[in-house]
Amino acid sequence: MLSENRITLFETTGFPNPARIRAAIAEKSALNDVDFVEIDVMNLEHRTDQFYAMNPMGTVPVLRTAEGEFISESTAITEYIDAFFAGPSLTGTTPLERGLIHMMQRRAESMVLDAVATYFHHATQGLGPLIEKYQCSEWGNHQKQTALSGLSYFNEHLNEHSFVAADTFSMADITLFYGLAFAEFSGLNIPAELTSLIAWREEMAKRPCFSNQ
Ligand SMILES: N[C@@H](CCC(=O)N[C@@H](CS)C(=O)NCC(=O)O)C(=O)O
């Protein structure tokens, strides 16, 4: 039973995109202000009419807002959470910060997290035959190369910066952090020579939002 006016996150524990939202909520110290509902992706609960009514894309996470609307897409959900709860901003406070954070967040998605996801779903067993109805290993392996280039790009960037965007912790760091976790889960190890990226990740892992979810 969902309680009215409480924000509810429909998530699948251990999956990278829902983990991004957990981290955002934790960073806002709001874990106790949100209800969490587990969606059983492995048994196709995200491909039911009931779930499609919340998100026609059939993906987790989905957020039910305090107003009773449904928001999907992790970036959009993070925008809502950031504006709704007090605490340090995850999306930027000045026009420049907002622009830079949005840009770098998108780079972390398309150059790492989404590229890794395509590799995982197309060039490995992914989530198994029940879910992976169409696979193209050539496309998956092409995206693996995109991900490796992306890791090098962020290594260079983090050689000069402590954070992914605007020299402040933001949703761009959250996206890259789970991009790296997903890469390792998929068997795509971070090359040892990417020392700035590895050092950044070790620093990030100390943040309570990543370690105490
Ligand atoms: N662009 C979406 C991606 C969401 C996504 O792909 N979620 C994965 C879990 S991490 C999912 O629902 N996978 C289900 C499937 O592949 O059938 C976002 O930012 O939230």
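Just follow the structure's listing: the first ligand is 1, and inside any ligand the first atom is 1.
For ligand 1, the atoms lying closer than 4.0 Å to a non-hydrogen atom of Pro61 are 20 (O). Close approach to Thr59 involves these atoms of ligand 1, each under 4.0 Å from a residue heavy atom: 4 (C), 5 (C), 6 (O), 7 (N), 12 (O). Ligand 1 places these atoms under 4.0 Å from at least one heavy atom of Pro16: 10 (S). Close approach to Arg47 involves these atoms of ligand 1, each under 4.0 Å from a residue heavy atom: 15 (C), 17 (O). Atoms of ligand 1 found under 4.0 Å from any heavy atom of Ile131 (numbered from 1 in listed order, with element): 17 (O). Those atoms of ligand 1 with a heavy atom of Arg20 less than 4.0 angstrom away are 19 (O).
Between the side chain of Glu132 and the backbone N or O of Leu127, at least one donor-acceptor pair lies under 3.5 Å. Under a 3.5 Å cut-off, the side chain of Asp173 and the backbone N or O of Ser170 do form a donor-acceptor pair. Put simply, the side chain of Asn43 never gets that close to the backbone of Glu45: no donor and acceptor are under 3.5 Å apart.
Given atom 8 (C) of ligand 1, the protein heavy atom at minimum distance is Val60 O, 3.7 Å. In terms of protein heavy atoms, atom 9 (C) of ligand 1 is closest to Phe15 CD2, 3.5 Å. Nearest protein neighbour of atom 20 (O) of ligand 1, counting heavy atoms only, is Ser74 OG, 2.8 Å. The single protein non-hydrogen atom nearest to atom 3 (C) of ligand 1 is Asn17 ND2, 3.7 Å, given as residue, atom name and distance. Counting protein heavy atoms only, atom 15 (C) of ligand 1 is closest to His46 NE2, 3.6 Å. Taking atom 1 (N) of ligand 1 as the reference point, the nearest protein heavy-atom neighbour is Glu73 OE1, 2.7 Å.
A salt bridge does not link Arg20 with Glu11: none of the charged nitrogens is closer than 4.0 Å to a carboxylate oxygen.
By the neighbour-count criterion of 12 heavy atoms within 6.0 Å, atom CD of Gln125 is sparsely surrounded, having that number or fewer from other residues, nucleotides or ligands.
For atom 12 (O) of ligand 1, the nearest protein heavy atom lies closer than 4.0 Å.
Residue contact check for ligand 1: His121 places a non-hydrogen atom closer than 4.0 Å to it. Using a 4.0 Å cutoff on heavy atoms, Met57 does not count as a contact of ligand 1. Within the 4.0 Å heavy-atom shell around ligand 1 one does not find Gly126.
Contact record, Thr124 with Gln135: O-NE2, 2.9 Å, taken as the closest heavy-atom pair.
Clustering ILVMFWY residues whenever any of their side-chain heavy atoms sit less than 4.5 angstrom apart, transitively, puts Leu90 in a cluster other than the one holding Ile101.
Side chains of Asp82 and Ser89: a donor on one and an acceptor on the other come within 3.5 Å. With no hydrogens or angles considered, a side-chain donor-acceptor pair links Thr13 and Glu38 at under 3.5 Å.
When non-hydrogen atoms are compared, ligand 1 lies under 4.0 Å from neither the backbone nor the side chain of Ile77. Contact annotation for Pro18 and ligand 1: only side-chain heavy atoms (C-beta onward) come within less than 4.0 Å of the ligand.
For the pair Arg22 and Tyr178, the NZ or CZ position fails the cation-pi test of under 6.0 Å to the six-membered ring centre and within 45 degrees of the ring normal. Geometrically, Arg47 does not engage Tyr52 in a cation-pi contact, judged by NZ or CZ lying under 6.0 Å from the ring centre and within 45° of the ring axis.
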